[in-house]
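No hydrogens, no waters, no symmetry mates; every other heavy atom, side chains included, goes into these values. None of these values were measured; they are calculated from a predicted model.
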Amino acid sequence: MQTLTAKNQYNFNKLQKRIRRCVGKAIEDFNMIEDGDKVMVCLSGGKDSYTMLDILMFLRQRAPINFDIIAVNLDQKQPGFPEDVLPKYLDSIDVEYKIIEEDTYSIVKEKVPEGKTTCSLCSRLRRGILYRTAKDLGVTKIALGHHRDDILETLFLNMFYGGKLKGMPPKLISDNQEHIVIRPLAYCREKDISKYAAIKEFPIIPCNLCGSQENLQRKVIKEMLQGWDKKHPGRLETMFNAVQNVSRSHLADPSLYDFKGLRSNSQLEIEEGDIAFDKPSIEAPQIDTELYADDEQIADEDKIAIQFINAG
């Protein structure tokens, strides 16, 4: 890790504690890791998965439960992929690991027309290989490096392009009911992870397979969210709070709420009360300041915004 000044070291310590706390809270809130678990940490070579592995290894030493970690990387045989980088790094931190070699790159290039997005097919192939590996290794949890911003991006992608109110859950079960997938970074901000990875100097490996994907819909959404975060500090925190605070009776999905059975004196639960003749009252949520805003890394305007939100 790079040499830091005393002040920068202090700020890094605060950043590190915040990320650890976010991961710890996510694990606790969703019961992601239990005593005796064997966690397969999917390591792509990007900043998110490096950070996830680093934090989980630390928490394993301090946690009140015992669990094992095995790092797994899928070498998709992309041209120019530096095969020595990950093994060298993983050997240096003394963690059990497995490198899987599968030529999904050729399959994707063969099946997807030039200029079309490759992410969907690549993701399906990768998921199948990782599920098979998890079964072979006898792991009980599969950890992916998606963070809070990924979850919000997925929510807006589904709303804007898929017509569905659907996000990316911190914990899920696979379609065949055999695997539990967890996202320990679910509460972590991407900007915090970026700072952390840069200071730790993780050996980042770019995904060259997606080099032609500059106009992906996800990138459009990412730019929109990043713009909001700069112009309206605290907005992403509020949006993520909404993902965890759902009122089924005030949406419009009859499969989630029995609107047909709603009659006078029917005693059906109405989660937010009667607002039929009222203008919507939007109350400012309580942002978890201990989770996100406890150090000098937060800009002054962010602190002011958070204080304003909490003051109502």
Are any of the side-chain heavy atoms of [X] and [Y] separated by less than 4.5 Å?
X      : Y      : answer
Arg218 : Leu157 : yes
Pro184 : Ile55  : no
Ile182 : Ile27  : no
Tyr97  : Leu43  : no

So, are [X] and [Y] salt-bridged, with charged N and O less than 4.0 Å apart?
X      : Y      : value
Arg148 : Asp150 : no
Arg189 : Asp229 : no
Glu102 : Arg126 : no
Asp84  : Lys88  : no

Donor-acceptor contact present, side-chain [X] to main-chain [Y], <3.5 Å:
X      : Y      : answer
Asn73  : Ile99  : no
Lys38  : Gly138 : no
Thr154 : Gly167 : no
Asn176 : Glu178 : yes
Lys200 : Thr51  : no

Just checking Tyr196 against Phe12, ring centres under 6.0 Å apart? yes
According to a hydrophobic-cluster definition based on side-chain heavy atoms being under 4.5 Å apart (Ile, Leu, Val, Met, Phe, Trp, Tyr only), do Leu137 and Val39 belong together? no
Side chain to side chain donor-acceptor pair (under 3.5 Å) for Glu237 and Asn241? Distances and angles first, verdict last. CA-CA 6 Å; Glu237 283 75 14; Asn241 188 76; over 6 Å; no
